[in-house]
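These figures come from a predicted structure and were not determined experimentally. FYI, the numbering just counts along the sequence from 1. Counting convention: from 1, in listed order, for ligands and their atoms alike.
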Amino acid sequence: MYRLRNALEKAQNNGYAVGHFNISDWIFLRAVSAAAQEVKVPVIVGASEGERAFLGLAQIAAMVRGMREEQGVSIFLNADHTHSLDSAIASAKAGFDSIVYDLSALPFEENVKQTRLAVEALKSINPEILVEGEIGDIGTGSEIHESAPDRSKNLTTAEEAKQYVKTTGVDILAPSVGNMHGMLQAMVQGSAKKRLDLGRIREIKRVSRCWLTLHGGSGTKDEDLRGAIAAGINIIHINTELRVAWRRGLEAAFSQKPQEIVPYKLLPIAEESIKQVVLARLQLFNQPVRQLLAQ
Ligand SMILES: [Zn+2]
């Protein structure tokens, strides 16, 4: 069976990153799956605690399993930003491939202690499950924000990363490297872009030797995303860009067909709008870069 672990090993060895896209609705899942099939690459769909509460845990797991089996697409399911052990355990039992156990709001030592216990608990339910931990601050909410926090604060240090990975036993680390959740209005319009601290990523990778995830990838300069992959990022999360595309797609559908009431004649317009974003991101993430580590 082809697992997320295999997809990440392949990405690491070949110099590309696996795209992670959050889903809040059935059309998001359809759009992500269709784009992944078109580019012929593995993909991760994520559902945060809020998204899981809306969609239903067993329902998302069944939908993703159905797509995997019927369409033969390597689509993996991640429980994104999980803040309690109960919620993580429920996701592991429902068959998720990975869990982001996010205690980054706690003091470092407490985060380490509780994450280590969670890794043990989750692996005892499913030894194959991958657990991701987070240190540093990357903000909250894949929404459009009024202002950005000071991105030079609460960045992950290489020393913390090394200690965290070694002590907790996480498979994947989510560092704070200039990235942030959500987008500013100027980023939605395209007049501003997020920039990343590539040197920091490289240093974290060098000392942690761990798979790394970049959260809050929406609105980041393409060049920095490519640079981040070269520096050692293996998974890139995109959520806000999809939500913007969904809303624009729905608005276009209603204005193009003001009298239409049949959902399956309106929703494909929003689906296509989401799919175009996923396609562009997958194409960017899956062009191999020359990895510094491979030198
Ligand atoms: Zn995130």
Side-chain angles (χ1 to χ4, degrees), residues 4 8 17-24 28-29 32 43-55 60 76-84 87-88 91 96-106 111 115 118 130-145 148-149 151 153-156 161 164-165 168 170-184 187-188 194-197 200-201 204 210-220 224-225 228-229 232-246 274 277-278 281-282 285:
L4 179 54
L8 290 173
V18 180
H20 173 292
F21 302 93
N22 286 72
I23 59 170
S24 318
F28 282 75
L29 178 59
V32 173
V43 72
I44 305 168
V45 289
S48 64
E49 284 182 333
E51 289 160 338
R52 301 203 294 272
F54 180 68
L55 282 164
I60 316 171
F76 302 102
L77 181 57
N78 174 49
D80 206 8
H81 295 290
T82 304
H83 302 288
S84 78
S87 173
S91 301
F96 281 56
D97 299 287
S98 56
I99 314 269
V100 176
Y101 198 59
D102 178 5
L103 300 183
S104 58
L106 295 181
N111 181 356
T115 303
L130 299 183
V131 184
E132 177 175 323
E134 183 175 323
I135 40 176
D137 179 16
I138 48 183
T140 55
S142 296
E143 295 165 26
I144 298 168
H145 302 300
R151 299 314 308 144
K153 290 204 177 121
N154 296 319
L155 296 176
T156 305
Y164 183 84
V165 169
T168 58
V170 292
D171 304 284
I172 309 168
L173 175 68
S176 169
V177 288
N179 49 328
M180 67 160 217
H181 288 115
M183 289 167 88
L184 299 176
M187 292 169 181
V188 174
K194 292 179 199 168
R195 303 301 309 262
L196 302 171
D197 187 340
R200 188 176 293 269
I201 298 172
I204 290 171
C210 182
W211 285 319
L212 299 180
T213 296
L214 182 78
H215 282 254
S218 291
T220 307
D224 281 18
L225 291 172
I229 299 169
I233 289 288
N234 306 102
I235 300 171
I236 300 178
H237 282 221
I238 300 287
N239 188 356
T240 314
E241 286 179 7
L242 265 51
R243 291 176 168 186
V244 170
W246 167 78
I274 300 167
V277 175
V278 179
R281 286 324 201 175
L282 286 178
F285 302 161

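- When you scan the N, O or S atoms of H81 for the one nearest the Zn ion (ligand 1), you land on NE2.
- When distances from the Zn ion (ligand 1) to the N, O or S atoms of H215 are compared, ND1 comes out shortest.
- Y101 and V131 make their closest contact through CB-CG1, 4.3 Å (heavy atoms, listed as atom of the first residue, atom of the second, distance).
- Defined by atom type and a distance below 3.5 Å, a donor-acceptor pair is missing between the side-chain atoms of S218 and R243.
- H181 has its closest N, O or S atom to the Zn ion (ligand 1) at the position named NE2.
- Ring-plane geometry between H81 and H181 is classed as perpendicular, the angle between the planes exceeding 60 degrees on a 0 to 90 degree scale with a lower cut at 30.
- E241 and K194 are not joined by a salt bridge, as no carboxylate oxygen comes within less than 4.0 angstrom of a charged side-chain nitrogen.
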